[in-house]
K.L.:
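One structure follows; several queries about it will come next.
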Amino acid sequence: MHISEGVLSPAILTGGAALTAIGVGIGLKSIDYEEIPYMGILTAGFFVASLIHLPIGPASVHLILNGILGLILGWKAFPAILVGLTLQALLFQFGGITTLGINTLNMALPAVTCYYLFGWGVKKSSGRLIFIITAFAAGCCAVLFAGILVGFSLYLNGDAFLPAAKLLVAAHLPVMLIEGILTATCALFLRKVKPELLESYYG
Amino acid sequence: MDDFKLRPVFLFSLIIFVILFDMPAFAHKVSIFAWVEDDTVYTRSKFSKGKRVKNSPVIVFDSDGNKLLEGKTDENGEFSFKIPKQSALKVVLKASMGHMAEWKIPFEEINPEAVSNNSKPESDIKNSYETSSRSQTINSGTDLSALSESHGISKQEIKKLIDKSLDKKLSPIMNMLADSYGGGPSLTEIIGGIGYIFGLIGVAMYFTSRKKKKW
């Protein structure tokens with residue numbers, strides 16, 4: 001899901017960076033002292049998730065975990081993902097420094113979107129079935145939207161949109177499934193041991 | 001305090017999960033490695049930690065950025081072509097989904113003679129032979145010029161033969177280099193990254209706690 005350096009034109013890169021800056025700003029503003037450790041742990045999770053490679057399908061795909069980040073962190077997923085991607089770019093040469101902005105946008109915006117779309121269901125008060133379904137959908141759709149956004153970035157760059165997006169989404173189908181299950185499992189675990197993590201800040 | 005007991009549990013399970021799941025391979029960087037044998041350029045493309053990049057376009061540019069030729073990687077992620085032009089080359093791999101990598105081949109590799117000869121024309125064969133043999137350190141002490149005279153083979157032919165057998169001998173080494181190039185991140189880098197994140201938590205907590213105190 002990381003777009004390499006030198007693929008996109010400067011206009012798209014700066015546009016992505018500007019939108020990411022706004023997202024990070026909103027995220028940083030809402031940070032509370034007690035939330036920093038969760039953010040850190042989730043960032044660490046995001047950082048290593050990209051090393052979990054799924055040997056399925058034609059391309060090289062890996063876990064992203066932006067769904068669970070979005071559910072728990074909301075807008076704070078932006079700074080978390082930015083930090084994770086920066087370290088991935090520096091240490092693993094995934095993506096690149098110039099593409100940090102657009103890559104962060106492509107992964108964090110779906111996270112925030114899923115937070116607003118499905119966050120209502122992932123609460124202690126909601127029924128078990130609804131809880132599982134919304135958590136699964138959040139994990140699943142975060143990857144789906146990210147694929148569509150990456151396809152859209154490539155489209156802005158001159159590639160045809162449909163084939164690029166189709167390929168991305170098709171390649172990430174197994175990831176979507178696994179992330180859905182993973183997100184639901186994590187959310188269930190959190191509901192049992194630390195429900196306030198899911199409750200506190202919505203809206 | 002429930003919190004403090006459970007937080008490490010969560011973190012620990014996350015790390016265990018990652019380590020267990022991690023086995024197959026690392027992913028998500030593409031690299032291309034190119035080398036020259038005789039008059040052919042070989043390239044090998046792969047995602048980090050091994051998986052070959054199949055059926056992806058490879059484009060070759062010269063030193064001025066002009067596109068010379070284009071091809072596709074085969075099932076093994078390999079693509080080879082005859083040297084299209086006597087100049088430094090840039091090989092660009094465009095894998096799907098926004099992945100790209102490039103490899104530069106300097107002029108010396110394309111045409112070693114031209115560089116060691118430099119301004120001297122072809123006629124000065126003896127000189128060119130001596131310089132190139134010295135630079136390749138294959139001067140085994142045999143008087144090759146005497147040898148060539150006694151057998152009636154020209155020096156250039158000998159040189160060609162040596163070059164060929166050298167290429168043959170070196171090709172497994174080049175293959176090994178191609179395989180080792182662009183491997184996945186090492187454990188040090190992974191642990192280091194996690195360390196950075198924990199450090200950042202510390203910095204962030206320091207600043208937010210200062211903000212709190214002021215109020």
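The sequence lines fix the lettering, A, B, ..., with proteins before strands; numbering per chain opens at 1. Please read all numbers here as calculations on a predicted model, not as lab measurements.
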K.L.:
Please state whether the side chain, the backbone, both or neither of Gln88(A) comes within less than 4.5 Å of a heavy atom of chain B.
P.N.:
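Neither part.
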K.L.:
Would you compute the distance between atom CE of Met205(B) and atom CD of Glu34(A) and round it to the nearest 0.5 angstrom?
P.N.:
8.0 Å
K.L.:
Taking atom CZ of Phe61(B) as the centre, does the number of heavy atoms from other residues, nucleotides or ligands within less than 6.0 Å exceed 12?
P.N.:
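Correct, the count exceeds 12.
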K.L.:
If you count heavy atoms of other groups shown closer than 6.0 angstrom to CD1 of Ile97(A), is the number above 12?
P.N.:
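Yes, the 6.0 Å shell around CD1 holds more than 12 heavy atoms from other groups.
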K.L.:
Is chain B contacted by the side chain of Leu87(A), its backbone, both, or neither, given a heavy-atom distance below 4.5 Å?
P.N.:
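Side chain only.
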K.L.:
For chain B, which of Thr43(A), Leu91(A), Val7(A), Ile36(A) has the most heavy-atom pairs under 4.5 Å?
P.N.:
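Between Thr43(A), Leu91(A), Val7(A), Ile36(A), the count favours Ile36(A).
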K.L.:
Could you go through Ile190(B) and Phe92(A), starting from their C-alpha distance and side-chain angles, then the distance that decides it, and tell me whether this counts as side-chain contact (heavy atoms from CB on, under 4.5 Å)?
P.N.:
CA-CA 8 Å; Ile190(B) 300 166; Phe92(A) 305 160; 3.9 Å; yes
K.L.:
Measure the spacing between CG of Leu200(B) and OG1 of Thr86(A) and express it to the nearest 0.5 Å.
P.N.:
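Leu200(B) CG to Thr86(A) OG1: 9.0 Å, rounded to 0.5 Å.
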K.L.:
Rounded to the nearest 0.5 Å, what separates atom OG in Ser4(A) from atom NZ in Lys94(B)?
P.N.:
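Here the rounded value is 11.0 Å.
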K.L.:
I'd like to know whether NZ of Lys85(B) has more than 12 heavy-atom contacts from other residues, nucleotides or ligands below 6.0 angstrom.
P.N.:
yes
K.L.:
Give the minimum heavy-atom separation between Met100(B) and Glu5(A), together with the two atoms involved.
P.N.:
CE-O, 4.0 Å
K.L.:
Compare every heavy atom of Tyr33(A) with every heavy atom of Ser209(B), then report the nearest pair and how far apart it is.
P.N.:
CB-CE1, 3.6 Å
K.L.:
Just distance, no hydrogens or angles: give the donor-acceptor pairs under 3.5 Å from side chains in residues 135-154 of chain A, sequence neighbours left out.
P.N.:
unit_1    : atom_1 : unit_2    : atom_2 : d
Ser153(A) : OG     : Asn106(A) : OD1    : 3.4
Ser153(A) : OG     : Asn106(A) : ND2    : 3.2
Ser153(A) : OG     : Leu149(A) : O      : 2.8

K.L.:
If you measure from CZ on Phe46(A) to CD1 on Ile197(B), what distance do you get to the nearest 0.5 Å?
P.N.:
9.5 Å
